[in-house]
Amino acid sequence: MSTTRDPVIEVRALVKRFGDVAALDGLQFEVRRGEVLGLLGRNGSGKTTTINILSTLLRPDSGTATVAGHDVVTDGAKVRSVIALTGQYASLDEELTGRQNIELIARMLGAPKSAAKQRAVDLLAEFGLTEAGDRQVKKYSGGMRRRLDLAVGLIGNPEVIFLDEPTTGLDAGSRNMVWQQVRALRDRGVTVLLTTQYLEEADQLTDRIVLIDGGRVIADGTADQLKDRVGKPLCVVTVADPAAVDEAGRLLEEFGATVSETGVIRIPAPHGLDTLAAVGARLREAAIEVSDIGLRRPTLDEVFLKLTGDPAETTT
Ligand SMILES: Nc1ncnc2c1ncn2[C@@H]1O[C@H](COP(=O)(O)OP(=O)(O)OP(=O)(O)O)[C@@H](O)[C@H]1O
Ligand SMILES: [Mg+2]
């Protein structure tokens with residue numbers, strides 16, 4: 001639900017080298033206000049470096065980046081006043097309880113005592129931490145810690161929030177809580193830039209994806225647009241009688257069918273429903289029963305592999 005179309009993050013020709021390694025090599029993209037942008041790429045492609053520069057933890061060698069109109073190098077303090085970064089940044093005090101951590105930071109950001117207490121009550125509830133709220137953080141599990149970290153990041157009502165792999169290592173329930181939170185943020189008009197190793201997550205959660213490799217953008221678009229770029233849909237058929245798989249495969253050869261080891265027949269479907277109908281008709285003529293037939297787009301995993309190459313070739 002983007003309120004306006006104006007870019008809130010602008011990255012222009014960013015270069016960052018670490019010795020011989022060009023972590024960023026002319027990186028360029030924009031994030032619009034209220035958008036959830038997924039920054040994806042294989043290990044070592046420059047995602048964390050990008051987030052570190054945008055959140056002023058790291059200076060670029062050249063190029064520029066602005067957040068809410070503020071330059072990350074020359075206006076760092078202003079950038080920090082409008083962003084939240086979870087992960088390394090929000091340093092939790094291990095000896096304090098979750099509630100005390102939130103209250104402390106709310107007070108540091110200028111909230112009166114009663115408001116800070118209320119903020120803690122609200123945020124603990126929002127992140128499913130009400131019960132754990134009065135336990136010391138050092139006794140929290142990894143998932144609870146991660147959720148508290150995200151809650152702490154929201155205390156200052158940031159305009160832009162950076163989430164570097166916010167769900168890595170979380171169980172399904174905790175991951176779901178983070179997803180809900182990201183959606184709620186977007187509904188409030190907060191811009192979210194997140195990285196993730198889970199393509200399913202990017203597919204579900206993001207409005208747009210910027211795919212980077214070697215510190216450069218190699219694709220930019222919605223998950224649907226990226227899928228369209230990489231390939232046409234497939235018609236996927238499972239025949240009811242496993243003994244009929246070979247016959248069906250031969251019958252559909254003229255459509256370019258391939259049969260997988262598990263007996264699933266895949267047919268390129270450049271004409272979508274027309275291809276599906278033709279395949280169905282051919283099978284019916286031959287009286288071959290199917291238990292499942294449908295059109296399927298390439299998955300984001302397939303897109304990712306095709307555009308970035310083999311993850312085994314990762315350089316780090
Ligand atoms: N402090 C550093 N010193 C030296 N090299 C670094 C440093 N930080 C990052 N790099 C290198 O820069 C490149 C990009 O790293 P970065 O952490 O941005 O990747 P990433 O996309 O976040 O990877 P991952 O998916 O593994 O988190 C890598 O080759 C990495 O080894
Ligand atoms: Mg990283």
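We count ligands from 1, going down the list as the structure has it; atoms in each ligand are counted the same way. The structure displayed is predicted, hence computed values, not measured ones.
The side chain to side chain contact (heavy atoms under 4.5 Å, CB included) check on L307 picks up L211, I218, A219, R229, V230, V303, with sequence neighbours excluded. Residues forming a side chain to side chain contact (heavy atoms under 4.5 Å, CB included) with T222 (at least two apart in sequence, or on another chain): D224, Q225.
Considering backbone and side-chain atoms together, V21 places no N or O closer than 3.5 Å to any N or O of ligand 1. For the pair T50 and ligand 1, the shortest N or O to N or O distance does not fall below 3.5 Å. For ligand 1, none of its N or O atoms has an N or O atom of F18 under 3.5 Å away.
Cation-pi geometry between K16 and F18 is met: under 6.0 angstrom from the ring centre, within 45 degrees of the axis.
Every atom of ligand 1 with a heavy atom of T49 under 4.0 Å away is listed here by number and element: 14 (C), 15 (O), 16 (P), 18 (O).
Among K47, Q197, E165, R17, the residue whose heavy atom lies closest to atom 20 (P) of ligand 1 is K47.
One finds no salt bridge joining D61 and R17 here, because no Lys/Arg side-chain nitrogen approaches an Asp/Glu carboxylate oxygen to under 4.0 Å. A salt bridge is defined here as a Lys NZ or Arg NE, NH1 or NH2 lying under 4.0 Å from an Asp or Glu carboxylate O, and E30 with R32 fails to meet this definition. Residues K78 and D71 are not paired through a salt bridge, judged by the lack of any N-O separation under 4.0 Å between the basic side chain and the carboxylate. Between R282 and E285 there is a salt bridge, since at least one side-chain N of the basic residue sits less than 4.0 Å from a carboxylate O of the acidic one.
Screening residues 118-135 for side chain to side chain donor-acceptor pair (under 3.5 Å) gives R99-D134, Q118-D122, R119-N157, E126-Q181, E126-R188 as the qualifying pairs, with residues at least two apart or on separate chains.
One N or O on the side chain of R146 and one on the backbone of P166 form a donor-acceptor pair closer than 3.5 Å.
Using a 4.0 Å cutoff on heavy atoms, K16 does not count as a contact of ligand 1. Under a 4.0 Å heavy-atom criterion, G46 is in contact with ligand 1.
Within the protein, the N, O or S atoms lying under 2.8 Å from the Mg ion (ligand 2) are T48 OG1.
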